[in-house]
2 protein chains.
Amino acid sequence: MAIFTAKQHTMFSKACEYAIRATIYVAMRSLQDQCTNLKALAEEIGSPVAFTAKIMQQLVKHNIVYSVMGPTGGFQIEKRRVHKIKLSMIVNAIDGDAIYQGCGLGLEACNALEPCPVHDKFAKIRDDLKQMLETTSIYELATGLEVGMTYLKR
Amino acid sequence: MAIFTAKQHTMFSKACEYAIRATIYVAMRSLQDQCTNLKALAEEIGSPVAFTAKIMQQLVKHNIVYSVMGPTGGFQIEKRRVHKIKLSMIVNAIDGDAIYQGCGLGLEACNALEPCPVHDKFAKIRDDLKQMLETTSIYELATGLEVGMTYLKR
DNA sequence: TACATATAAGACAAAAAGATCCTAAACTCT
DNA sequence: AGAGTTTAGGATCTTTTTGTCTTATATGTA
């Protein structure tokens, strides 16, 4: 159980982690005018194939990537849209906005007028996170990957 | 399912949210030399009684609060220790340290030398969060509650 | 048109998180 | 000592998250 074993609650859900990794990889390939099929994608980012399929379906529904069926098909992003896709769009599509909008203690009624005890302490962290997610484009992350400055595996 | 319904992945697990709220309340009562029993505690922070019991057991094991059995028993914190208890101790006891130590994309091999694409973007956020959790004492949160500046319910 | 290959979509399964229940152990008070 | 109250701890149940499987649908190519 969560409480008994040393849990590791992460910033994003596993699905969201896969979604970000997948989008970055698809973006890198898109910048090279390449479509990426599911199998190769899952291989490259080290994620379960069938689960990744579900996640990609969501990204397609949220217009973050588009898909092409049939042979030579796969996932791709229009080259000119890559820089318009921000981390916040992916996080929002998969995890919702609670991580950078909600109360740190999960209180419904928490706001600036009736703050929870950690409200002010978290306000800055949350705003910084929001700012970062909303200004970081997949373009910059994909190009770092392309030139071998960053890595997606393991 | 997570992917289908609009999920809300939060900063901390539910258990951790309850743990923080509970510790703040017990601390406030401890500053008034009062012991807090489980039922009253759960009532005050709006959490399920039995689940809260499990969480309190963990906090006792991690020496964050101590417990007294029998009538007039409950949970308490030594007055002189209240200011020594930091948010990080609670988060660590319940959620582990991944939120402010691990890679934003969940990659095992991610570090400054072989960074994931979002590594640098997250470094600052993570460090700020860590700093805040490690420097925020339960004392200051409990006193804000005591004077009615902050609220724990709903 | 037929065939091969790729994604879409739904059902299903396993694991973890969230929550409950019951009995044991500790303690206070009479 | 006995009765009643409170936390400890184990077993159990439910919901959510993570992951798999099977069938349908779309598409490129011979």
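The structure presented is a predicted model; accordingly, all values stated were derived computationally and were not measured.
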field: Nearest-0.5 Å distance, CD1 of residue A:Ile99 to CG of residue A:Asn92
entry: 12.0 Å
task: Measure the spacing between CE of B:Met132 and NZ of A:Lys124 and express it to the nearest 0.5 Å.
output: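 So the CE of B:Met132 and the NZ of A:Lys124 are separated by 10.0 Å.
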task: State which of D:dG19, C:dA8, D:dG9 makes the closest approach to the side chain of B:Gln57.
output: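 Nearest to the side-chain atoms of B:Gln57, counting from C-beta on, is D:dG9.
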message: Of the options D:dC21, D:dG19, C:dA9, whose atoms approach the side-chain atoms of A:Phe51 most closely?
response: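 Taking heavy atoms from C-beta onward, the closest nucleotide is D:dG19.
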message: The criterion is ring-ring contact (aromatic ring centres under 6.0 Å, His included); which residues satisfy it with A:Tyr100, sequence neighbours excluded?
response: none
message: If you count every heavy atom of other residues, nucleotides or ligands that lies below 6.0 Å from B:Tyr25 atom OH, does the total exceed 12?
response: yes
query: Does atom OH of A:Tyr139 have more than 12 heavy-atom neighbours from other groups under 6.0 Å away?
result: no
message: Need one value for B:Tyr18: base, sugar-phosphate or nothing, where a base atom within 4.0 Å counts as base even if backbone is also close, heavy atoms only.
response: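 B:Tyr18: backbone/sugar contact only, no base atoms under 4.0 Å.
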Provide a list of protein-nucleic acid N or O atom pairs under 3.5 angstrom, restricted to nucleotides 28-30 of chain C.
none

I need the [atom1]-[atom2] distance between [X] and [N], as an integer number of Å.
| X | N | atom1 | atom2 | answer |
| --- | --- | --- | --- | --- |
| B:Leu59 | D:dG9 | CG | P | 13 Å |
| A:Gln58 | C:dA8 | CD | C1' | 12 Å |
| A:Lys61 | C:dA8 | NZ | P | 9 Å |
| B:Ile55 | C:dG18 | CD1 | C1' | 9 Å |
| B:Met56 | C:dA19 | CE | C1' | 17 Å |
| B:His9 | C:dA17 | NE2 | P | 11 Å |
| A:Gln76 | C:dT7 | CD | P | 12 Å |
| B:Ile94 | C:dA16 | CD1 | P | 18 Å |

- request: Report the relative orientation of the aromatic rings in B:Phe51 and B:Tyr18; use parallel for angles under 30°, tilted for 30 to 60°, perpendicular for over 60°.
  value: perpendicular
message: Taking side chain to side chain donor-acceptor pair (under 3.5 Å) as the cut-off, I'd like each qualifying pair that reaches into residues 39-49 of chain A, sequence neighbours left out, listed once.
response: A:Ser47-A:Thr52
task: Give every residue pair that meets the side chain to side chain donor-acceptor pair (under 3.5 Å) criterion with at least one member in residues 64-78 of chain B, sequence neighbours excluded.
output: B:Glu78-B:Arg80
message: Just to verify, what does A:Lys130 make a salt bridge (Lys or Arg N to Asp or Glu O under 4.0 Å) with, not counting sequence neighbours?
response: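 A:Lys130 satisfies salt bridge (Lys or Arg N to Asp or Glu O under 4.0 Å) with no other residue.
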query: For D:dT15, does either OP1 or OP2 sit under 4.0 Å from a side-chain N or O belonging to B:Lys7?
result: no
field: Under-3.5 Å donor-acceptor pair between A:Lys54 side chain and C:dG10 base
entry: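 For A:Lys54, whose side chain was compared with the base of C:dG10, there is a donor-acceptor pair (under 3.5 Å).
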message: Please give me every residue in residues 32-40 of chain A whose heavy atoms get under 4.0 Å of an atom in DNA chain C, ordered by residue number.
response: A:Asn37, A:Leu38
message: Quick check: on DNA chain C, is the nucleotide nearest B:Phe12 upstream (toward 5') of the one nearest A:Phe75, or the reverse? Name the residue that is more 5'.
response: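 Result of the comparison: A:Phe75.
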